[in-house]
Amino acid sequence: MENLEKAIAEIKRSLPGMTLLENEPMRAHSSFRIGGPARALAIPSDLTGLSKLCAIMKDHRVAPMPLGNGSNILFPDEGLPDLLLMSTEKLQKLFLLPDGAIYAEAGVSLAKLAAFACEQGLSGLEFASGIPGTVGGGLRMNAGAYGGELKDTVESVVCYYLPEQGLWELPKDRCRFDYRSSLFQKSSGFVILSAVFRLQPGDPAAIAATMRELGEKRREKQPLDLPSAGSAFKRPEGHFAAALIDQAGLKGYAVGGAQVSEKHAGFIVNRGGASSHDVYDLMMHVRKTVYEKFQIPLEPEIIILPPDYALPDEGPAVPRNRVFVNEPNEER
Ligand SMILES: Cc1cc2nc3c(=O)[nH]c(=O)nc-3n(C[C@H](O)[C@H](O)[C@H](O)COP(=O)(O)OP(=O)(O)OC[C@H]3O[C@@H](n4cnc5c(N)ncnc54)[C@H](O)[C@@H]3O)c2cc1C
C-alpha cells in the first residue's frame, strides 16, 4: 500500500499529462455495472506513456492491472484500495501494414478490428465482431466464439514485461494460447501493447453477411439487454457449461440481484442492484450444484477480484492477477 502511494505520487510528479482518476468507482468500467472504487485508474494517452507508467510501477515494486473494456471482470463492492489499474482506452491505432497484415493497439475494440478487416476484404475475424472486448483483453483471454479464436488470427504480440522493464515481441507460437487462456494469463507481469493479425483475403459483402448473421445469433440466444460479463464458466472438456447448469435446474436461479440468465444458462446477469457478493455466491452455488449432480468442476471464466477469494474444492482456484512473479524464464 505504501509503495503504491509512492508510485502514485511519482506518476503525478513525472507524468503530469497522464489522466489519473483516484478512487474511481469501477462499476463505471465494468460490463456487469458492479464494483467499488479502485485506488487509481491511470489512462495513458499513448504507448510511450504506458511504458513510462509501467517503469514507475516496476521501480516501486507494485504490479498494475491492465484494463480493457472491463467485459470479463467482477470487481468487488468494497473496492480495491491497493490496486492501480491501467486503462488501454486511448491506445487506438489501427492500420493495414504494407504486407497486408493488420496492426492494432491494445485498446482497439474487437468490433472495430473486425469491421476494419471487413472493409479491407480480409476474412477470419468475423467471429470476434460481437465480443465486447479489446485486443489486449481478448488476447489475454484468447477470446473466441462460433468456432473461431483470436489465436487463429494473430501473428505476433508486442508486450511490456514488467519484471524486466522490457518490450517483447512474441510470435504467436510463443504466446502459449489455449482455450480461454494464454501466456499473458498464465504468467502475470505482461501488458499487451499491440498485435499484428494475419487474415485471408475474402469478399467484403460475404464477410459483412457472416458478421450480421453471427450478431443475430447472439441477440437471439444471449441476454444482451442485461449487464453481464459473458459466459460465467469455461467449457469443461466434453461438455457445455450452459447445458450442465440448465440440466441442474438452475436457469433463472437468483441470489439477490444476480441471476442465472433465463435466456442463456451460461450467463450470470445483473438484473438490478446486484452486489459482487451476489454474483460470487451465485457462481459458487452453481459450481456446487453442478458438481454434486455431475461430478464435473466448473472453472470460472470471469476474473474475480480481488484474487484472494478462495474457492472451495469443486475446481481449480481463481487466477491470481496481482502476484508479481519473475516468470517466464523458459520464454527467453
Ligand atoms: C455480453 C458479453 C458477451 C461475451 N461474449 C464472449 C464471447 O463470445 N467469447 C469470449 O471469449 N468472451 C466473451 N465475453 C467476455 C469478454 O468480452 C472477453 O473475455 C473479452 O476478450 C475481454 O476483453 P476486455 O477488453 O473487456 O478485457 P477486460 O475485461 O478489461 O480484462 C480481462 C483480463 O484481461 C486483462 N487485460 C486487459 N487488457 C490487457 C492488456 N492490454 N494486456 C494484458 N492484459 C490485459 C485484464 O487485466 C483482465 O485480467 C463476453 C462478455 C459479454 C459481457
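Counting starts at 1 for both ligands and their atoms, in listed order. Just so it is clear, the model here is predicted, and its values are computed rather than measured. Values below: all heavy atoms of this structure, side chains included; hydrogens, waters and symmetry mates excluded.
- Residue contacts with ligand 1, taken as heavy atom pairs separated by less than 4.0 Å, involve Ile131 solely via side-chain atoms from C-beta onward.
- Checked by atom type, the side-chain pair Ser182/Asn142 shows no donor-acceptor distance below 3.5 Å.
- Ranked by closest heavy atom to atom 37 (C) of ligand 1, the top entry among Pro64, Ser71, Cys159, Gly137 is Gly137.
- Listed by first and then second residue, the ring pair (Phe, Tyr, Trp, His ring centres under 6.0 Å) pairs that reach into residues 236-261 are Tyr253-His285, sequence neighbours excluded.
- Residue Leu224 touches ligand 1 through its side chain alone, judged by heavy-atom distances below 4.0 Å.
- In Ala229, the part holding a heavy atom less than 4.0 Å from any atom of ligand 1 is the backbone.
- Within a 6.0 Å radius of CD in Glu2, other residues, nucleotides and ligands contribute 12 heavy atoms or fewer.
- Remark: ligand 1 atoms within the under-4.0 Å shell around heavy atoms of Phe190 are 43 (C).
- In this structure, the side chain of Gln259 does not engage the main chain of Ala254 through any donor-acceptor pair within 3.5 Å.
- Residue nearest to atom 2 (C) of ligand 1, selected from Pro132, Ala195, Pro227: Pro132 (by heavy-atom distance).
- Residues Ser71 and Ile131 have side chains not in contact (no heavy-atom distance under 4.5 Å, counting atoms from C-beta outward).
- Proximity of Gln185 to ligand 1, defined as any heavy-atom pair under 4.0 Å, is not found for any part of the residue.
- Summarising the contacts of atom 39 (C) of ligand 1 with Ser30, Pro66, Gly107, the nearest heavy atom is found in Pro66.
- Polar contact with ligand 1: present for Arg180 (N/O pair, distance under 3.5 Å).
- Remark: Arg212 does not engage Glu216 in a salt bridge, criterion side-chain N to carboxylate O under 4.0 Å.
- Annotation for ligand 1: atoms under 4.0 Å from non-hydrogen atoms of Met141 are 19 (O).
- Distances below 4.0 Å separate heavy atoms of Ile303 from the following atoms of ligand 1: 32 (C), 33 (C), 48 (C), 49 (O).
- In this structure Tyr103 satisfies the ring pair (Phe, Tyr, Trp, His ring centres under 6.0 Å) test together with Phe95, sequence neighbours excluded.
- For ligand 1, the atoms closer than 4.0 angstrom to any heavy atom of Ala106 are 41 (N).
- A heavy-atom distance below 4.5 Å is not found between the side chains of Pro306 and Glu78.
- Residue-to-ligand polar distances place Gly68 within reach of ligand 1: an N/O pair is separated by less than 3.5 Å.
- When the heavy-atom distances from atom 21 (O) of ligand 1 to Gly138, Gly70, Gly189, Gly148 are ranked, the shortest goes to Gly138.
- Side-chain atoms of Ser181 and Lys234 include no donor-acceptor pair closer than 3.5 Å.
- Comparing Gly144, Ala145, Ala143 by heavy-atom distance to atom 9 (N) of ligand 1, the nearest is Gly144.
- Interface of Gly133 with ligand 1, defined as ligand atoms under 4.0 Å from a residue heavy atom, comprises 17 (O), 20 (C), 23 (O), 24 (P), 25 (O), 26 (O).
- Ligand 1 places these atoms under 4.0 Å from at least one heavy atom of Thr88: 41 (N).
- Atom NZ of Lys251 sits in a crowded spot, with more than 12 heavy atoms from other residues, nucleotides or ligands closer than 6.0 Å.
- Val269 and Val255 fall into different hydrophobic clusters, where Ile, Leu, Val, Met, Phe, Trp and Tyr are joined by side-chain heavy atoms under 4.5 Å apart, directly or via other members.
- Using a 4.0 Å cut-off between charged nitrogen and carboxylate oxygen, Glu292 and Lys288 count as a salt-bridge pair.
- With distances taken over non-hydrogen atoms, the option nearest atom 19 (O) of ligand 1 out of Leu214, Asn69, Asn72 is Asn72.
- Ionic pairing of Asp225 and Lys263 is not present here: no N-O contact between side-chain nitrogen and carboxylate oxygen is shorter than 4.0 angstrom.
- Near Leu67, meaning under 4.0 Å from one of its heavy atoms, ligand 1 places the atoms 30 (O).
- Ionic pairing of Lys58 and Glu164 is not present here: no N-O contact between side-chain nitrogen and carboxylate oxygen is shorter than 4.0 angstrom.
- When heavy-atom distances to ligand 1 are checked against a 4.0 Å cut-off, Ser31 comes that close only through its side chain, counted from C-beta outward.
- For ligand 1, the polar-atom distance check finds no N/O of Asn142 at less than 3.5 Å from any of the ligand's N/O atoms.
- Heavy atoms of Phe184 found under 4.0 angstrom from ligand 1: none, in either backbone or side chain.
- At a 4.0 Å cut-off, not a single heavy atom of His29 sits close enough to ligand 1 to count as contact.
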